[in-house]
Amino acid sequence: MEIWDVIIAGGGSAGLAAALAAARAGARTLLIERQSKLGGMGTNALVHTFCGLYHPDTSRPWAWLNPGVPREIGECMMERTRQTAPDLMGRVYVLRQHPSLFACIADELCAAEPQLTRLSGAEWCGLKPRDNGWQIDLISCCTTQTHQTKSLIDTTGDATGARWLSDDLWIQADPAKLYRPAYVCGLPRVTGNHDENWRLTLGATIVRGIQEHSLPETAAGAAFRDSPFPEEMFVTIDLEAGQAQWDPLDPVKRAGIESVGRHTAMHLWSYLRKHHPDFQHCPPPNLPAHAGIRESARYIGDHTLTGEELEACVRNTDDVALAGWPMEKRENARGPKFRFFDRPEPAGIPAGCLQNARIPGLFFAGRNLSADHEALASVRVMGTCMATGQAAAHLALKHA
Ligand SMILES: Cc1cc2nc3c(=O)[nH]c(=O)nc-3n(C[C@H](O)[C@H](O)[C@H](O)COP(=O)(O)OP(=O)(O)OC[C@H]3O[C@@H](n4cnc5c(N)ncnc54)[C@H](O)[C@@H]3O)c2cc1C
């Protein structure tokens, strides 16, 4: 059994930031990830913009919101994509990111940390209290391993540890309200200028395809965005996913949305190749490793961040990170509904959202932190996940 100062389960944007922060502070750190790439939804589900990295006041020049790892990853991405500023989209700043570059940046940053050991293709599959800390079981290449730590950070996005420990430590929204899953794919060699008129024509082409029954109805949920590189676009297909029956923790339901997503993506590709001149040279789409899950289970911490607190830009004495992204609610496949903060100022995320006094030594960050369904619509974005991951590492180090 190996003993670590800090173990982080889940190598998405929150887990990556937590692992870097812990290792840089000198802690012997183990990062466990079931996929081969780090970056979570930002690599494996092809989510392609970093939101929440910048101060929410767009009447002023853009400025980083949270220091440390979120800023460092944002700067690396800007440098490699040759962007000198984020895009101003309506009332928010966003940074276009490339999932392949994000995976490489994550590799390089982790490889530079001698105190950090990273396991890929390793599934965290068990948790027990042990010696005032935790015993972690994982399975990799059909073999099991056991590790021990004083401090554990759960950044799996699914409140995995809480679901093993006790039903009163986690919560999940009503299936009909859960933010919808989506299937994202990359489309290279899309010509044209991609301006507003171009998008209107593209939308009309898709509607016609659905009306003529050449495209499945799920294609109505498709939204196109430019990659940071010329002639590459990403298409995000929001899925109703059976609305009232959707359960992101049910592998059968997940398999269902995977195949609907792929089916829709392939139909869109072949239809647009025939019916839209700017798609005629497009090779088959780059498919994600898995569909994108916006919301599943969350921890119940000492503090549950609410939509009202975010809206009122509440700051607390024990804030450990800042949230600046509006609440972007996606309860159906008809696009987002935004709830903006009252003022162009960030709100605080207190330490209590990342820990629970009943489970000392267990911390949580990213999209499974302690927040209500409304607040999650803001704090689930990758810039904020990085900030809460980094903050969870600092809390874990104090404990270790
Ligand atoms: C379709 C879609 C569009 C989005 N658009 C944007 C956007 O434009 N901008 C933005 O900033 N955010 C966006 N988001 C939100 C954002 O991508 C996620 O909320 C964010 O990436 C969550 O980060 P995380 O680290 O908390 O979790 P994840 O990225 O989900 O990472 C969790 C990691 O844990 C691993 N894991 C889980 N269980 C285990 C286990 N048992 N053992 C080992 N590893 C495990 C997973 O493989 C994964 O890598 C979008 C999300 C979706 C789905």
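Just so you know, ligand 1 is whichever comes first in the structure, and atom 1 is the first atom listed for that ligand.
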Going from OG on S296 to OH on Y179, what distance comes out if it is rounded to the nearest 0.5 angstrom?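 So the gap between those two atoms works out to 13.0 Å.
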For [atom], grab the closest protein heavy atom and report residue, atom and distance to one decimal in Å.
atom: atom 26 (O) of ligand 1; value: R367 N, 2.8 Å
atom: atom 34 (O) of ligand 1; value: G10 CA, 3.2 Å
atom: atom 6 (C) of ligand 1; value: V47 CG1, 3.3 Å
atom: atom 14 (N) of ligand 1; value: R380 NH1, 3.7 Å
atom: atom 29 (O) of ligand 1; value: M41 N, 2.9 Å
atom: atom 32 (C) of ligand 1; value: T155 O, 3.3 Å
atom: atom 11 (O) of ligand 1; value: M382 N, 2.7 Å
atom: atom 41 (N) of ligand 1; value: W124 O, 3.1 Å

Below the 3.5 angstrom mark, is there an N/O of [X], backbone or side chain, next to an N/O of ligand 1?
X: R34; result: yes
X: C51; result: yes
X: G366; result: no
X: E33; result: yes

Check this for me, if you would: do [X] and [Y] make a salt bridge, where the nitrogen-to-carboxylate-oxygen distance has to be below 4.0 angstrom?
X: E79; Y: R82; result: no
X: R24; Y: E113; result: yes
X: D154; Y: R367; result: no

What are the atoms of ligand 1, with element, lying closer than 4.0 Å to any heavy atom of [X]?
X: A182; answer: 1 (C)
X: T49; answer: 7 (C), 8 (O), 9 (N), 10 (C), 11 (O)
X: G292; answer: 53 (C)
X: Q35; answer: 47 (O)

More than 12 heavy atoms of other residues, nucleotides or ligands under 6.0 Å from CE of M89: yes or no?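 Atom CE in M89 is not packed in, count stays at 12 or less.
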Answer yes or no: are there more than 12 heavy-atom neighbours, outside E196 itself, under 6.0 Å from its atom CD?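 Open: at most 12 neighbouring heavy atoms sit under 6.0 Å from CD of E196.
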Would you please determine whether [X] falls within less than 4.0 Å of ligand 1 on a heavy-atom basis?
X: S13; result: yes
X: R225; result: yes
X: C385; result: yes
X: A122; result: yes
X: I293; result: yes

Taking only residues two or more places apart in sequence, or in another chain, which ones meet W124 in a ring-ring contact (aromatic ring centres under 6.0 Å, His included)?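 So W124 forms a ring-ring contact (aromatic ring centres under 6.0 Å, His included) with W164.
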Using only heavy-atom distances, determine whether the side chains of [X] and [Y] contain a donor-acceptor pair under 3.5 Å.
X: W4; Y: H147; value: yes
X: N66; Y: Q390; value: no
X: T236; Y: R225; value: no
X: H303; Y: E309; value: yes
X: E328; Y: W325; value: yes

Nearest heavy-atom neighbours spanning E308 and D372: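 So the minimum-distance heavy-atom pair works out to OE1-OD2, 4.4 Å.
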